[in-house]
Amino acid sequence: MFKKLKLWNTPEKQTTMNERVTRILDHPIPEHVAIIMDGNGRWAKKRALPRVAGHHEGMRTVRKITMLANQLNIKTLTLYAFSTENWKRPKFEVDYLMGLPEEFLGSFLPELIEENVKVTMIGDRSRLPQKTKRAVDDAIRKTEENTGLNLNFALNYGGRAEIIDAIKHLAADIKNDRLTPDEITDSCFSRYLMTQSLSDPDLLIRTSGELRLSNFMLWQIAYTELWFTDVLWPDFSETQLIEAVEAFQQRTRRYGGLNEEESKR
Ligand code: V07
């Protein structure tokens, strides 16, 4: 039984939503959900606010969705927070974004710890400002023993850069005779990626109506179910995550009769 969620404003709504959550929990849940959190700038523009106001509001959505994902027993939630392309944005905006992990964890880390959430990150940490690195590393350290949801942030992450980096390490292992070319398989290669300890995403969500992958987890999403919505990330609510998971369950149930491997083709 799950803890009754107090996420909905009226008792009627709360009853319906709790029933939906109960029904979801009766069927196989996506183990790993990944989200491209797009539309923060557009959300702000619509309200004549600066773009950074959209990023700030988007951070509140991260908190909400993390809590629901944890309640739904999702094992891993990977959030695309900052791409290798995002450095091209105005310096002011980049500086603001790089302050968000610290702000988020400053107010939310105690709750994450309380809820048994484990924080991890993928991406190139070498270019991150000191304060960002310190805040993230501190959260990773303080939650490393936690066994609930793995909240995995993609920060300064790029799918191609990840693959190139994996190939460099793999090539070095071959050169040093730690590996032979015929030993290179899917699962061998996966161990060179930053996601080595994670399962591949079962469900990828992208908000804000764009139908692109934008260099996100290119290798890992080979068999992933994709779910797109026009809703802008700051407006993304518990209802939308529930909808996406329901759609996932309907799709995977339709494979009925086929085995796992066949259903992937
Ligand atoms: C960021 C808010 C969400 C919408 C997308 C862009 C802006 C949370 C984090 C974060 C990252 C690491 C961590 C804890 C929190 C974050 C960035 C941007 C760069 F350990 N939200 N958020 N990081 N946005």
Side-chain angles (χ1 to χ4, degrees), residues 33-47 49-70 76-113 115 117-144 146 148-158 194 198 204-210 212 214-217 229 231-237 240-241:
V33 176
I35 309 184
I36 303 175
M37 309 182 286
D38 198 13
N40 304 286
R42 216 176 310 162
W43 181 91
K45 196 171 177 194
K46 268 175 50 183
R47 287 165 178 75
L49 294 167
R51 286 176 60 81
V52 295
H55 296 321
H56 197 266
E57 193 63 25
M59 194 173 63
R60 293 159 53 93
T61 309
V62 169
R63 176 175 180 220
K64 245 177 11 194
I65 295 306
T66 298
M67 283 311 161
L68 178 58
N70 198 22
T76 307
L77 178 66
T78 297
L79 300 178
Y80 205 3
F82 194 90
S83 81
T84 48
E85 293 304 295
N86 288 156
W87 296 108
K88 293 180 189 153
R89 296 198 179 162
K91 183 177 184 306
F92 159 77
E93 188 177 340
V94 169
D95 288 349
Y96 185 85
L97 286 166
M98 283 299 139
L100 288 183
E102 195 180 14
E103 185 179 344
F104 178 90
L105 295 164
S107 60
F108 191 35
L109 185 57
E111 200 176 342
L112 292 176
I113 293 171
E115 297 292 326
V117 172
K118 177 186 168 109
V119 177
T120 55
M121 91 157 252
I122 54 172
D124 177 6
R125 56 209 307 125
S126 69
R127 249 191 101 180
L128 298 177
Q130 222 23 266
K131 60 162 188 196
T132 314
K133 240 185 294 192
R134 210 173 322 113
V136 176
D137 286 342
D138 177 65
I140 292 173
R141 200 161 26 79
K142 288 183 176 152
T143 61
E144 67 190 348
N146 289 356
L149 174 77
N150 178 3
L151 176 59
N152 181 38
F153 286 100
L155 260 186
N156 192 20
Y157 173 87
M194 293 183 279
L198 304 175
L204 172 69
I205 296 171
R206 180 169 188 152
T207 58
S208 187
E210 306 298 340
R212 291 189 296 275
S214 302
N215 203 15
F216 188 50
M217 296 194 120
T229 172
V231 174
L232 307 176
W233 178 250
D235 293 328
F236 192 84
S237 69
Q240 269 98 37
L241 179 60

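By convention here, the first residue in the shown sequence is residue 1. It should be emphasised that the depicted structure is a prediction, and the values quoted were computed from it without experimental measurement. Both counts, for ligands and for their atoms, begin at 1 and track the order of listing.
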Exercise for review: Output, in order, the C-alpha distance, side-chain angles, deciding distance and verdict of side chain to side chain contact (heavy atoms under 4.5 Å, CB included) for Phe108 and Met67.
Suggested key: CA-CA 11 Å; Phe108 191 35; Met67 283 311 161; 3.4 Å; yes

Exercise for review: Check each atom of ligand 1 against the heavy atoms of Val62 and keep those under 4.0 Å away; list them by number with element.
Suggested key: 3 (C)

Point to revise | Sequence neighbours excluded - side-chain hydrogen bond (donor to acceptor under 3.5 Å, both in side chains) pairs with any residue from residues 100-110 | key: His56-Glu103

Check your understanding: Looking at atom 5 (C) of ligand 1, what's its closest protein heavy atom, distance included?
Key -> Asn40 ND2, 3.5 Å

Revision key, fill the gap. At under 4.0 Å between heavy atoms, what of Leu105 touches ligand 1? The answer is side chain

Revision key, fill the gap. Ligand 1 atoms nearer than 4.0 angstrom to some heavy atom of Gly58 are 2 (C), 3 (C)

Revision key, fill the gap. For Ala81, the atoms of ligand 1 under 4.0 Å from one of its heavy atoms are 6 (C), 16 (C), 17 (C), 18 (C), 19 (C), 23 (N)

Study note, to complete from the structure: In this structure, atom 1 (C) of ligand 1 is nearest to the protein heavy atom Leu100 CD1, 3.6 Å

Point to revise | Side-chain H-bond candidate by donor/acceptor type, Asp38 with Thr207, under 3.5 Å | key: no

**Study point:** Gap separating the NZ atom of Lys88 from the OG atom of Ser83, nearest 0.5 angstrom
**Key:** 8.5 Å

Check your understanding: Counting from 1, what ligand 1 atoms have a heavy atom of Val136 closer than 4.0 Å?
Key -> 20 (F)

Review point. Considering residues at least two apart in sequence or located in another chain, which fulfil the ring pair (Phe, Tyr, Trp, His ring centres under 6.0 Å) criterion with Trp43?
Key: none

Study note, to complete from the structure: Closest to atom 14 (C) of ligand 1 among protein heavy atoms sits Phe153 CE1, 3.4 Å

Review point. Cut-off 3.5 Å, side chains only: do Asn152 and Thr76 have a donor facing an acceptor?
Key: no

Exercise for review: Using a strict cut-off of 4.0 Å, indicate which atoms of ligand 1 neighbour a heavy atom of Leu155.
Suggested key: 12 (C), 19 (C)

Revision key, fill the gap. Within the 4.0 Å heavy-atom cut-off, what Thr61 brings close to ligand 1 is neither

Review point. Are Leu149 and Leu77 close enough, and set up right, to give a side chain to side chain contact (heavy atoms under 4.5 Å, CB included), and what steps lead you there?
Key: CA-CA 7 Å; Leu149 174 77; Leu77 178 66; 4.0 Å; yes

Revision key, fill the gap. One finds that the ligand 1 atoms under 4.0 Å from a non-hydrogen atom of Met37 are 3 (C), 4 (C), 5 (C)

Exercise for review: Would you kindly say whether Arg206 and Thr229 are connected by a side-chain donor-acceptor distance under 3.5 Å?
Suggested key: no

Exercise for review: May I ask you to identify the nearest protein heavy atom to atom 19 (C) of ligand 1, giving residue, atom name and distance to one decimal place in Å?
Suggested key: Leu97 O, 3.4 Å

